[in-house]
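Encoded as structure tokens, the structure appears first; notes follow it.
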Amino acid sequence: MIRTRFAPSPTGDLHVGGARSALFCWAFARHEAGRFLLRIEDTDQKRSSAAAGLGFLEALDWLGIDWDEGPEHGTSGGGNTGPYFQSQRLEIYQAQMQRLIDAGVAYRAFETPEELAQARAGARQRKEAYRYDRAALSLDADTVQQYLDEGRPHVIRFKVPDEPVVVVDAVLGEVRIEAGELEDFVIRKADGFPTYHFAVVVDDQSMGVTHVLRGQEHLANTPKHVLLQQALGYDTPVYAHVSLIFNPDGSKMSKRDKDKALRAAVRERGLDAPPAGCGIDTDAWSSWLSDKTTQLGHEQAEALAGVLDIELPEINVSDFRRAGYLPEVLLNYLALLGWSPGDDREQFDKAFLVEHFSLDRIVKSPAKFDRAKLKAFNLDAIQAMDADAFTTRLRAFAQQFEGAFLEAMTPEQFETFAGANHERCKTLTDPFDQGRFFVMADDEITWPDVKGLRKALCKGDPTGYERLEAIRPMLEGLSDWSAASLESAIGDWAKSNCEGNLGRIAQPLRVAVSGGTVSPPIFDTLEILGQAAVLRRIERCLAHQLNTATS
RNA sequence: GGCCCGUUCGUCUAGCGGUUAGGACGCCGGCCUCUCACGCCGGUAACAGGGGUUCAAAUCCCCUACGGGUCACCA
């Protein structure tokens, strides 16, 4: 039976690249009626934390990717080839490690990290490729024993055989590595934990993994894994290396891109101190600015982006969730980034993916992540929903991220709000981002002196202000404040007061009640706001009066 | 720098020796219109370069260029 696995390290959220790898593993296993497992690669004691591990389980779950074996989450997880956390498999690695030592193909090495770093630096200066010199291999047994008795920290290295290695890859074909290209790499760290290379090989064997689908950054590691498999007498799984996902500018999509965008904006504005309200103290600020590897926390980054008025790039699955993309759309788009069904079909669901997925249709070349296309797919999916489905999803999204709207609106108002936005939004955040004025207090609305507002309020004869003044009594006297009633009343009014041109009054109204030039259809907007708020806002707008002399 | 991988419209891709090189997103133009969107109609646009092989090459081979990955006691 086919068995695939996704094996992330628990270092933060699920990156879209990782999500795509998981998706391919999942789709392949489902297509082949096999099993998909999840394994947590937490052998780095410095970087692992239990809390970080949960983030991507949630992300996978949200995307609709379930797993048959692995950590338990919802209905996923379980299985009998565990444990699925590498940190809980130390005895297994130790037993396999001993086989290698007994066979004479693994040996202890006592060089310190500092010594090795120095040797590497020297090699670089001489413009030579550094490979471990096998010095420890020539240590005699007594010396080794003496070092061990002294308790000297040491690693275990694998004695790489002097022969070429051929990796057979389902996507890339055969990749041949000549003898002498690989050094005797470390398989057990000084802290007793196996390195990634060793743990992966042991786990894939003991978990019965038949196919390894992963990012192409692992290609260069694969010869090591093949060698270890041979030394241990294991089977070599089928490998399929998927190309990387890049930013539109060709750089690698990275968790650090958010900080990169923020630093660029900070430098551009010449900010030399942390803006108030973003929760960053001066010391953290300066070290963050000078050290490109440091990252701001999520809250801080969001706050700073708000102050700088820039959009942070979405990188993690959770970013796309928060940005209002539908999980089935992200999944569809991710599948298309590096795979295609072979015909012109681009929009499809999970069932289609499972039915048609195959390794030989995975693309070799790297792909740039195109948010515009993702957004277009999201729009198509939103428009394909019926009104109830959309309202339900928008409400669920509001519960998650936009609670203020649910507090400020009755269920009926929210339904109108959803309906008014359904046709015109590309993401679930659009209605909220463009509709802040719905939940603002009437006296929080302001009318900045910008071109669009001047045009709606000050231009024309009569001006927008004058029309607002004129229509106010009619609105005040309207007894049925529904969109339909407003439409007929304002429509009639426009016929006799605006030469039948609805826009002459619609736009001043829009500006008066929203403080901006963009809103849902005006009658829906007025209905949701309610008569009292609309009249108050019109009054305040009239009282405010942009300076017409400067326009 | 060594090793490895890749290269079709701006982007994602179809193509697996003979096609007017197809689709999608974007972009441009027009229509619709109470704003923004949506929708509809139309259009622009690609085989990185050079050598081979072949009757025939985007498709096969080689070289170059460019892009990327990797060279940790990270995974």
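Below, chain A is the first sequence line, B the second, and so on; all start at residue 1.
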When you check the gap from the basic side-chain N to the acidic O, do Asp203(A) and Arg5(A) get nearer than 4.0 Å?
no
- Query: How would you label the contact of Glu346(A) with the nucleic acid (heavy atoms, under 4.0 Å): base, sugar-phosphate, or nothing?
  - Reply: base
Notebook entry, point to check: Could Asp184(A) and Arg134(A) be called an ion pair, given the rule that one side-chain N must be under 4.0 Å from one carboxylate O?
Noted result: yes
Practice problem: Could you check if a side-chain atom of Lys292(A) sits within less than 4.5 angstrom of a side-chain atom of Arg256(A), using non-hydrogen atoms only? | Solution: no
message: Need one value for Gly338(A): base, sugar-phosphate or nothing, where a base atom within 4.0 Å counts as base even if backbone is also close, heavy atoms only.
response: sugar-phosphate
Across every strand shown, the nucleotide meeting Watson-Crick or G-U wobble geometry with rA48(B) (both distances under 3.5 Å) is rU64(B)
Base, sugar-phosphate, or nothing for Arg361(A), non-hydrogen atoms under 4.0 angstrom? sugar-phosphate
Winner on side-chain proximity to Thr195(A), out of rC25(B), rG23(B), rA75(B), is rA75(B)
To the nearest angstrom, the CZ-C1' distance between Arg345(A) and rC25(B) comes to 17 Å
Any donor-acceptor pair under 3.5 Å linking the side-chain atoms of His241(A) with those of His218(A)? no
Requested in this report: Look at Glu311(A) together with Arg371(A) and state whether they make a salt bridge at an N to O cut-off of under 4.0 Å.
Outcome: no
- Query: Contact class for Thr517(A) (heavy atom, under 4.0 Å): base, sugar-phosphate, or nothing?
  - Reply: base
- Does any donor-acceptor pair link the side chain of Gln216(A) with the base of rG69(B) at a separation under 3.5 Å? no
Problem set entry | Gap in Å between the two P atoms, one belonging to rG15(B) and one to rG50(B), rounded | 25 Å
#### Entry: Asn378(A) versus Thr427(A), side-chain donor and acceptor atoms under 3.5 Å
no
Lys364(A) NZ to rC4(B) P, in whole Å, measures 16 Å
(request) Just call it for Ala376(A): base, sugar-phosphate, or nothing, with non-hydrogen atoms closer than 4.0 Å on any strand. (result) sugar-phosphate
If you look at every strand shown and take non-hydrogen atoms under 4.0 Å, does Pro520(A) touch a base, only sugar-phosphate, or nothing?
base
| request: Could you check whether His241(A) gets within reach of a base, just the sugar-phosphate, or nothing at all, counting any heavy atom under 4.0 Å? | output: nothing
Would you call Glu346(A)-Lys373(A) a salt bridge at under 4.0 Å N-O? yes
P atoms of rU64(B) and rU11(B), separation to the nearest Å:
25 Å
message = Taking any heavy-atom pair under 4.0 Å as a contact, classify Thr112(A): base, sugar-phosphate, or nothing.
response = base
### Query
Does Lys189(A) make a side-chain N or O approach to OP1 or OP2 of rC74(B) shorter than 4.0 Å?
yes
Distance between C1' atoms of rC28(B) and rC9(B) (Å, rounded)
15 Å
Worksheet item: Reckon Pro113(A) touches a base, only the sugar-phosphate, or nothing at all at heavy-atom distances under 4.0 Å?
Response: base
Rounded to whole Å, the CH2-P distance (Trp339(A) to rG15(B)) equals 12 Å
Side-chain contact check for Phe523(A): nearest option of rG22(B), rC34(B), rA24(B) is rC34(B)
Taken to the nearest whole Å, CD/Glu487(A) to P/rU35(B) is 14 Å
Scanning all shown strands, the Watson-Crick or wobble mate of rA58(B) with both distances under 3.5 Å is none
Ser9(A) has its side chain closest, among rC38(B), rG22(B), rA75(B), to rA75(B)
For the C1' atoms, the ones on rA45(B) and on rG51(B), what distance do you get once it is rounded to whole angstrom? 29 Å
Any strand, both distances under 3.5 Å, Watson-Crick or G-U wobble: rC40(B) pairs with rG30(B)
ask   = What integer number of Å spans the P atoms of rG30(B) and rU19(B)?
value = 37 Å
Check: For rA14(B), does OP1 or OP2 lie under 4.0 Å from any side-chain N or O of Ser340(A)?
Finding: yes
Remember a base hit wins even if backbone is also touched, and classify Gln125(A) as base, sugar-phosphate or nothing at under 4.0 Å, heavy atoms.
nothing
**Item:** Gap in Å between the two P atoms, one belonging to rG68(B) and one to rC73(B), rounded
**Value:** 26 Å
Just checking Ile490(A): base, sugar-phosphate only, or nothing, at a heavy-atom cut-off of under 4.0 Å?
nothing
Q: Sticking with atom P, work out how far rG49(B) lies from rA65(B), rounded to a whole angstrom.
A: 16 Å
Arg424(A) CZ to rU33(B) P, in whole Å, measures 18 Å
Regarding Arg176(A) and Glu174(A), does a basic nitrogen lie under 4.0 Å from an acidic carboxylate oxygen?
no
Applying the 3.5 Å cut-off to both distances, the Watson-Crick or G-U partner of rC3(B) turns out to be rG69(B)
task: Please work out if Gln383(A) contacts a base, only the sugar-phosphate, or nothing of the nucleic acid, heavy-atom cut-off 4.0 Å.
output: sugar-phosphate
Out of rA75(B), rC4(B), rU35(B), minimum distance to the side chain of Leu219(A) belongs to rC4(B)
Q) Which value, in whole Å, describes the distance between the P atoms of nucleotides rG26(B) and rC12(B)? A) 15 Å
Applying the 3.5 Å cut-off to both distances, the Watson-Crick or G-U partner of rC16(B) turns out to be none
Report yes if at least one side-chain N or O of Lys426(A) is closer than 4.0 Å to OP1 or OP2 of rC38(B); otherwise report no. yes
If pairing means Watson-Crick or G-U wobble with both distances under 3.5 Å, then the partner of rU11(B) is rA24(B)
Exactly one of Phe438(A), Phe417(A), Phe437(A) clears ring pair (Phe, Tyr, Trp, His ring centres under 6.0 Å) with Phe405(A), and that residue is Phe417(A)
With a non-hydrogen cut-off below 4.0 angstrom, is Lys375(A) in contact with a base, only sugar-phosphate, or nothing?
nothing
For this session: May I ask you to say what Tyr130(A) touches in the nucleic acid, namely base, sugar-phosphate or nothing, with a heavy-atom cut-off under 4.0 Å?
Result: nothing
